[in-house]
Amino acid sequence: MPLHQRKTGLGPALKPDVAVVQAQRADEEGNTHFWGGSGVTKEAALAARKVLVVVEEIVSKKVIQRDPNRTLIPGFLVNAVIQEPWGAHPSPMQGYYNRDHEKYMTYHQESRDREGYLMWLEKWVLGVGDRGEYLKLLAKKK
């Protein structure tokens, strides 16, 4: 069917309450540098009512201003900046660390069926009280 004859459905735009985005660095005002494949990071920040930015490092405003082309999210959109090194793990953060292929492979092996997935979920998500516990559990597996 030709494109001009197709029907189009419209729906309201998404307006999430909160977007939590991961980036390389930000200043204390939330001006956020990101480089590499960003997916829908910017769009999520623009659409959300509140934006939390999780970064590898918090840097001075001068560092951000020296490279304005990397500022993906302006500070006036950001409600909080959280410094959490390795916060994207097991996903990669360009310029900081690569994808943890072993962790992804383990997940795929352990979650092949519902029972395995529920065991993985309990061990790595629900059974972990905080970031520190996650890092300790991760260190045991290495």
Side-chain angles (χ1 to χ4, degrees), residues 2-4 6-142:
L3 189 59
H4 70 279
R6 296 182 187 173
K7 291 187 178 192
T8 302
L10 300 175
L14 293 176
K15 188 70 176 171
D17 291 331
V18 179
V20 179
V21 298
Q22 185 78 35
Q24 281 89 346
R25 62 186 178 207
D27 64 22
E28 289 184 358
E29 295 177 6
N31 296 297
T32 305
H33 270 184
F34 187 95
W35 56 93
S38 63
V40 296
T41 301
K42 183 175 183 176
E43 290 79 3
L46 290 170
R49 290 179 176 86
K50 297 205 182 266
V51 178
L52 306 179
V53 177
V54 181
V55 294
E56 297 298 314
E57 60 181 328
I58 296 175
V59 297
S60 73
K61 194 169 187 168
K62 287 182 181 180
V63 171
I64 299 296
Q65 290 172 339
R66 278 195 302 251
D67 198 357
N69 291 330
R70 289 189 180 193
T71 304
L72 185 70
I73 303 169
F76 67 84
L77 292 177
V78 177
N79 296 90
V81 178
I82 300 106
Q83 181 176 335
E84 187 60 59
W86 287 81
H89 182 271
S91 296
M93 182 52 60
Q94 187 171 336
Y96 290 82
Y97 45 89
N98 294 323
R99 180 181 192 262
D100 186 341
H101 295 296
E102 182 182 330
K103 195 86 206 111
Y104 276 94
M105 293 302 298
T106 301
Y107 166 76
H108 288 298
Q109 292 167 357
E110 293 177 358
S111 65
R112 289 185 180 195
D113 57 32
R114 180 172 170 73
E115 182 179 319
Y117 169 73
L118 292 174
M119 289 173 50
W120 177 89
L121 185 66
E122 180 60 37
K123 179 177 182 178
W124 288 101
V125 180
L126 302 176
V128 178
D130 59 25
R131 180 80 176 151
E133 283 186 31
Y134 172 79
L135 294 174
K136 286 179 188 174
L137 183 60
L138 187 62
K140 287 181 186 177
K141 293 292 177 182
K142 293 270 177 188

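Computed from a prediction, not measured in an experiment: that's the story for all the values here.
Using a 4.5 Å heavy-atom cutoff, the side chains of Gln22 and Glu56 are in contact. Thr41 has its side chain within reach of Ile73: a pair of non-hydrogen atoms, C-beta onward, lies under 4.5 Å apart. At least one side-chain heavy atom of Arg25 sits less than 4.5 Å from a side-chain heavy atom of Trp35. You'll find the side chain of Val59 reaches within 4.5 Å of the side chain of Ile64, heavy atoms only. The closest side-chain heavy-atom distance from Tyr134 to Val125 is not below 4.5 Å. Val55 places none of its side-chain heavy atoms less than 4.5 Å from the side chain of Glu84. A heavy-atom distance below 4.5 Å is not found between the side chains of Asn31 and Gln65. With contacts defined as side-chain heavy-atom distances shorter than 4.5 Å, the pair Leu138/His89 qualifies.
Dense packing is recorded around CZ of Arg49, with more than 12 heavy atoms of other residues, nucleotides or ligands lying under 6.0 Å away. With a 6.0 Å radius and a threshold of 12 heavy atoms from other residues, nucleotides or ligands, Lys15 has its NZ atom above the threshold.
Smallest separation of non-hydrogen atoms from Leu14 and Ala47: O-CB, 3.9 Å. Across Ser111 and Tyr107, no two heavy atoms sit closer than the pair OG-O, 2.6 Å. In this structure, Asp27 and Glu29 approach most closely via the heavy-atom pair OD1-N, 2.9 Å.
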### Message
Let's go through Leu46 and Leu77 carefully: what are the C-alpha distance in whole Å and the side-chain angles of both, what is the deciding distance for side-chain contact (heavy atoms from CB on, under 4.5 Å) to 0.1 Å, and is it a yes or a no?
### Response
CA-CA 7 Å; Leu46 290 170; Leu77 292 177; 3.6 Å; yes

### Query
Could you walk me through whether Ile58 and Glu28 pass the side-chain contact (heavy atoms from CB on, under 4.5 Å) check?
CA-CA 7 Å; Ile58 296 175; Glu28 289 184 358; 3.8 Å; yes

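Between the side chain of Glu110 and the backbone N or O of Tyr117, no donor-acceptor pair lies under 3.5 Å. Between the side chain of Tyr97 and the backbone N or O of Ala88, at least one donor-acceptor pair lies under 3.5 Å. Between the side chain of Gln24 and the main chain of Gln94, a donor-acceptor pair closer than 3.5 Å is present. Proximity of a side-chain donor or acceptor of Thr32 to a complementary backbone N or O of Gly30 within less than 3.5 Å is detected. Side-chain atoms of Lys50 do not come within 3.5 Å of backbone N or O of Ala19 as any donor-acceptor pair. Remark: the backbone N or O of Pro92 is not paired with any side-chain donor or acceptor of Asn98 at under 3.5 angstrom.
A distance of 8.5 Å separates CG in Asn69 from NE2 in His33, rounded to the nearest 0.5 Å.
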